[in-house]
Amino acid sequence: MVEKGTSLLKMMEISVAEAEKRTGKNAVNMQETYTVYLIETSVEHIIWTNPVPDSLWRRYSEFELLRNYLLVTYPFSVVPPLPEKRAEFVWHKLSADNMDPDFVERRRVGLENFLLRVASHPDLSSDKIFYSFLTEENGWKETVFETGFQAKADSRLKALNATFRVKNPDKRFAEMKHYGDELQSVISQLLRVRARAADRLYGVYKVHGNYGRVFSEWSAIEKEMGDGLQSAGHHMDAYAASVDDILEEEEHYADQLKEYLFYADALRAVCRKHELTQYELEMAAQDLTSKKQQREELATGTIRTFSLKGMTSKLFGQETPEQREAKVKMLETQIEEGEELVKERNTECEEFVKSAWVDIERFKEQKDHDLREALISYAIMQISMCKKGIQVWNNAKECFSKM
Amino acid sequence: MSKIFNWDLILPNGTPVDTSSPASSSSLLNRLQLDDDLDGETRDLFVTVDDPKKHVSTMETYITYRVCTKTTRTEFDLPEYTVRRRYQDFDWLRNKLEESQPTHLIPPLPEKFVMKGVVDRFSEEFVETRRKALDKFLKRVADHPVLSFNEHFNAFLSAKDLNKRQGLALLTKMGESVKYVTGGYKLRARPVEFAAMGDYLDLFTQKLGTIDRIAQRIIKEQSEFLMELREYGPVYSSWSSFEEDLHDPLEGVSGCVSNCSSALEELTEDMSEDFLPVLREYVLYIESMKNVLKKRDQVQAEYETKLEAVVFREDKKTPVPTDVEKCQDRVECFNADLKADWDRWENNKRQDFRQLLTGMADKNIQYYEKCLAAWESLIPVLQDKQEAEGETS
């Protein structure tokens with residue numbers, strides 16, 4: 001899924017090789033069981049000065065910490081998502097238990113995929129915190145907190161959840177946000193229906209196993225028909241058993257869809273961030289305009305804008321020329337500062353739009369490629385399933401014809 | 001073949017034969033070939049059922065089938081007959097055969113009652129399935145060394161108007177059939193072979209019942225799977241509506257799932273219409289066979305009881321009454337008929353189930369082949385852009 005030969009991956013091989021259960025005391029001093037994952041790296045060229053260990057263990061919460069850090073530090077990047085925290089969209093035979101070995105295994109693959117995606121991202125891969133995540137077992141958490149990203153994380157979260165109206169958002173970002181919404185909605189629906197269909201398919205195959213049993217019983221009371229029936233029964237058993245592998249493979253397809261379900265969220269976050277920067281620019285510009293108007297009014301003596309000072313002076317009498325001059329001077333300073341701020345925010349906005357759009361385009365291409373690949377492998381899976389079905393029924397048919 | 005027939009479809013009595021049907025001479029010949037492998041037995045009676053036609057009257061709508069007969073038997077006035085019969089007539093024939101040949105196993109008919117609303121009685125598939133079963137029924141009767149000479153069978157094949165015969169036959173045969181209604185005698189010991197038949201039939205009925213339930217369950221699960229598929233496919237379609245590059249691939253997947261859905265629907269319909277009815281017919285058939293076995297038991301019981309009574313009178317040196325002798329004859333005939341028919345039945349059963357189960361396998365193979373074709377044709381659509389990219393890059 002991830003192309004080798006880009007960024008960090010050019011220099012380092014990364015894999016999440018194993019998963020293990022551990023028990024320990026948590027933050028509230030209670031005993032808990034959790035899973036840790038073994039990250040293995042092998043460096044081809046040493047670029048950092050730190051000594052590089054070959055492997056270290058990390059748990060899921062540390063991956064989450066890494067991702068939150070990346071989200072805050074690279075707001076213009078579509079940050080790759082983590083595999084789901086809890087198993088969702090499961091069909092009934094699949095366990096929704098986080099400790100289930102199949103879930104752990106699929107999570108291991110998902111975490112590896114996450115690391116590879118980050119490592120092949122043009123901006124994210126050169127991040128030092130990311131590198132030390134891969135290479136420094138101890139003290140990594142402290143390093144992350146030392147960056148002070150937590151404060152930014154809190155304000156970011158607040159801003160992203162706030163409702164505000166932007167007057168002039170970049171149309172492309174508005175469209176992208178809408179696309180993210182639609183993608184999330186359609187993939188959710190797809191995963192839900194797929195899980196239900198998988199349940200049904202399981203039932204269809206398994207009931208055929210009952211033919212195996214009854215043919216066996218029936219063959220016991222037959223003379224010439226017995227052998228044919230008995231062997232046909234074995235094929236029915238094989239048919240029933242084949243569904244387990246089929247559905248396991250399909251789960252892999254579901255995981256690929258899930259990745260893009262979560263990617264849709266990351267995409268929306270970038271668009272939201274744009275809205276935020278745009279909003280802040282508009283607010284600053286609005287504030288500036290208001291201050292300029294106030295200055296004009298003070299100069300010409302006309303009051304068009306409401307100000308408390310203006311009202312109080314009206315009520316309690318005119319102000320002295322000195323007072324007025326002081327006010328004008330303050331406004332001038334504010335206007336200067338305001339203009340600086342608008343300039344700043346404008347640059348911020350423009351730069352954000354530029355960087356973000358580059359990454360969004362990159363993401364679009366990646367998404368088109370990956371999803372196309374996923375559909376191809378899904379079709380291949382279906383073809384394989386059909387061929388197996390034809391084979392089993394041909395075998396059974398042969399047995400029947402010998403009855 | 002002992003004689004070569006004239007294949008012109010004109011009846012000697014001048015009645016025009018419906019030649020608008022697709023049945024040409026050669027296809028008629030094909031249909032005259034029986035399922036059974038008779039190993040060189042010379043046949044002198046050929047029967048086919050074909051050309052179903054719908055009749056609409058003010059009272060009812062029904063289907064008639066053409067029954068064609070070719071024979072050299074002297075029991076028939078003419079060498080060829082073509083008549084139109086409806087299911088009711090076949091049912092009448094079977095009842096008549098059961099009545100008049102109580103020592104024999106009469107081949108089964110397809111189920112009489114069909115739940116309206118569940119199955120379309122006038123759909124092509126249903127009519128064809130029924131036609132094949134009726135054809136098999138007549139051929140098996142025609143094959144039977146005793147049943148084929150039955151006068152009701154003769155009437156069925158040859159009479160222009162069956163109804164008249166029905167009434168007449170009913171009156172003349174009433175008396176005879178009464179003779180075979182025995183009752184209230186207790187059987188001492190059932191001969192081993194007939195006990196084995198009874199046991200086998202009981203077990204076999206059980207297995208058929210289980211298979212019926214399994215098949216029904218599979219149909220139910222498949223229908224529910226089908227329901228999900230019908231929701232699943234369109235989601236890909238709505239996804240494609242807001243994608244550019246992925247539009248065609250996603251539409252393609254949607255179409256593929258839709259094709260598979262149709263194939264699955266066909267499979268479940270086939271199983272409901274072809275597979276289940278045959279199983280159920282067999283269960284009914286076995287019931288009628290068990291009745292024949294019971295009758296046999298009764299005849300034997302009657303004989304044993306009457307014989308016992310005679311034995312007690314032996315001291316008086318009276319000759320064995322002809323009544324007891326007749327009973328003995330009856331028992332021996334019944335046993336002989338039944339044994340011969342049982343072998344015949346086993347053969348037919350084997351054939352029937354071989355056909356039924358291979359049919360089931362075939363339907364499933366066809367389903368998977370349809371799906372396979374759909375998915376395989378999708379692959380180039382999915383890979384399309386990549387190939388184009390490969391050329392330009």
Side-chain angles (χ1 to χ4, degrees), chain A residues 178-179 182-183 186-187 189-190 193-194 196-201 203-208 210-211 213-215 217-218 220-225 228-229 232 364-365 367-369 371-372 375-376 378-380 382-383 385-390 392-403, chain B residues 199-200 203-204 206-208 210-211 213-215 217-218 220-222 224-229 231-232 235-236 238-239 242-246 249-250 252-253 256 260 346 349-350 353-354 356-358 360-365 367-376 378-379 382-383 385-386:
Chain A
H178 183 59
Y179 172 78
E182 291 194 298
L183 188 68
V186 92
I187 293 184
Q189 200 188 355
L190 201 60
V193 182
R194 191 211 72 90
R196 291 204 307 258
D199 245 336
R200 292 295 168 211
L201 189 67
V204 170
Y205 272 77
K206 285 301 177 190
V207 178
H208 279 84
N210 294 339
Y211 274 145
R213 199 171 3 108
V214 76
F215 286 166
E217 292 168 6
W218 180 8
I221 60 171
E222 294 291 343
K223 287 165 268 178
E224 300 132 329
M225 278 166 56
L229 272 176
K364 264 205 280 194
E365 257 190 67
K367 168 210 59 141
D368 285 340
H369 176 267
L371 288 174
R372 192 183 276 265
L375 291 176
I376 290 173
Y378 182 67
I380 291 174
Q382 299 301 310
I383 287 170
M385 177 175 93
C386 291
K387 285 191 176 157
K388 279 193 213 135
I390 291 171
V392 164
W393 281 105
N394 264 320
N395 291 341
K397 184 179 168 183
E398 232 189 272
C399 297
F400 290 141
S401 64
K402 293 202 188 107
M403 262 165 64
Chain B
D199 290 339
Y200 171 80
L203 287 169
F204 189 42
Q206 249 181 48
K207 298 309 154 205
L208 289 183
T210 308
I211 293 172
R213 278 190 298 280
I214 295 171
R217 175 97 184 273
I218 289 175
K220 178 167 170 280
E221 295 283 343
Q222 281 174 339
E224 294 185 337
F225 178 55
L226 181 63
M227 246 171 46
E228 302 298 348
L229 282 186
E231 213 189 296
Y232 184 58
V235 179
Y236 283 101
S238 41
W239 186 357
F242 57 85
E243 291 283 352
E244 290 167 25
D245 217 54
L246 293 174
L250 289 169
V253 172
C256 223
C260 292
E346 288 243 89
K349 172 204 74 181
R350 188 173 167 193
F353 279 91
R354 191 189 306 148
L356 184 70
L357 293 171
T358 35
M360 172 173 89
D362 267 332
K363 290 184 182 84
N364 277 278
I365 291 168
Y367 160 69
Y368 278 115
E369 282 181 342
K370 281 182 208 149
C371 293
L372 179 65
W375 286 106
E376 281 185 333
L378 181 65
I379 298 276
L382 295 178
Q383 288 174 331
K385 176 90 187 296
Q386 294 183 326

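Each chain gets a letter, A, B and so on, in the order the sequences are listed, and its residues count up from 1. Note: hydrogens, waters and symmetry copies are ignored here, and every other heavy atom, side chains too, is used.
For the atom pair CG of A:Asn210 and CZ of B:Arg217, the computed distance is 7.0 Å after rounding to the nearest 0.5 Å. In this structure, CD in A:Gln382 is found 7.0 Å from SG in B:Cys260, a value given to the nearest 0.5 Å. The distance from the NZ atom of A:Lys397 to the CG atom of B:Asp362 is 3.5 Å, given to the nearest 0.5 Å. Taking CD of A:Gln189 as the reference point, atom CH2 of B:Trp239 lies at 11.5 Å (rounded to 0.5 Å). Rounded to the nearest 0.5 angstrom, A:Ile390 CD1 and B:Ile365 CD1 are separated by 8.0 Å.
Applying the salt bridge (charged side-chain N to carboxylate O under 4.0 Å, His left out) criterion to A:Glu224, with sequence neighbours excluded, gives B:Arg350. With sequence neighbours left out, the side-chain contact (heavy atoms from CB on, under 4.5 Å) criterion links A:Lys206 to A:Tyr202, A:Val243, A:Asp244.
Interface remark: B:Glu244 contributes no atoms to any contact with chain A (heavy atom separation under 4.5 Å). Residue contact with chain A, scored on non-hydrogen atoms closer than 4.5 Å, is absent for B:Tyr367. Of the atoms belonging to A:Lys388, not a single heavy atom falls under 4.5 Å from chain B. Both the backbone and the side chain of A:His208 have a heavy atom closer than 4.5 Å to some heavy atom of chain B. Using a 4.5 Å cut-off between heavy atoms, B:Glu346 contacts chain A through its side chain alone, with no backbone atom that close. Both the backbone and the side chain of B:Ala215 come within less than 4.5 Å of a heavy atom in chain A.
For chain A, the option among B:Ile214, B:Thr210, B:Thr358 with the highest count of heavy-atom pairs below 4.5 Å is B:Ile214. Heavy-atom pairs under 4.5 Å with chain B were tallied for A:Val392, A:Ile380, A:Ile383, A:Ile187; the largest tally goes to A:Ile383. Heavy-atom pairs under 4.5 Å with chain A were tallied for B:Lys370, B:Arg213, B:Lys349; the largest tally goes to B:Lys349. Of the listed residues (B:Glu231, B:Lys207, B:Glu369), the one with the most heavy-atom contacts under 4.5 Å to chain A is B:Lys207. With chain B as the partner, the residue from A:Asn394, A:Leu183, A:Leu190 showing the most heavy-atom pairs under 4.5 Å is A:Leu190. In terms of non-hydrogen atom pairs under 4.5 Å with chain A, the most contact-rich of B:Leu357, B:Leu203, B:Leu208, B:Leu356 is B:Leu357. Of all the listed residues (B:Ile379, B:Asp199, B:Leu378), the one sharing the greatest number of non-hydrogen pairs under 4.5 Å with chain A is B:Ile379.
When atom types are taken as modelled, the side chain of A:Arg372 and the backbone of B:Leu382 share a donor-acceptor pair closer than 3.5 angstrom. Remark: side-chain polar atoms of A:Arg200 are not paired, donor with acceptor, to backbone N or O of B:Glu224 under 3.5 angstrom.
Side-chain contact between A:Tyr179 and B:Glu243: present, with at least one pair of heavy atoms (C-beta onward) separated by less than 4.5 Å. Side-chain contact between B:Met360 and A:Trp393 is present, with heavy atoms from C-beta onward closer than 4.5 Å. At least one side-chain heavy atom of B:Phe204 sits under 4.5 Å from a side-chain heavy atom of A:Glu222. Side-chain contact check for B:Phe353 versus A:Leu229: every heavy-atom pair is 4.5 Å or farther apart.
In this structure, B:Asp245 does not pair ionically with A:Lys367, as no charged nitrogen and carboxylate oxygen lie closer than 4.0 Å.
Nearest heavy atoms, A:Ile221 versus B:Tyr200: O-CE1, 3.3 Å. Nearest heavy-atom pair, B:Glu221 versus A:Gly203, reported as atom, atom and distance to 0.1 Å: OE1-CA, 3.7 Å.
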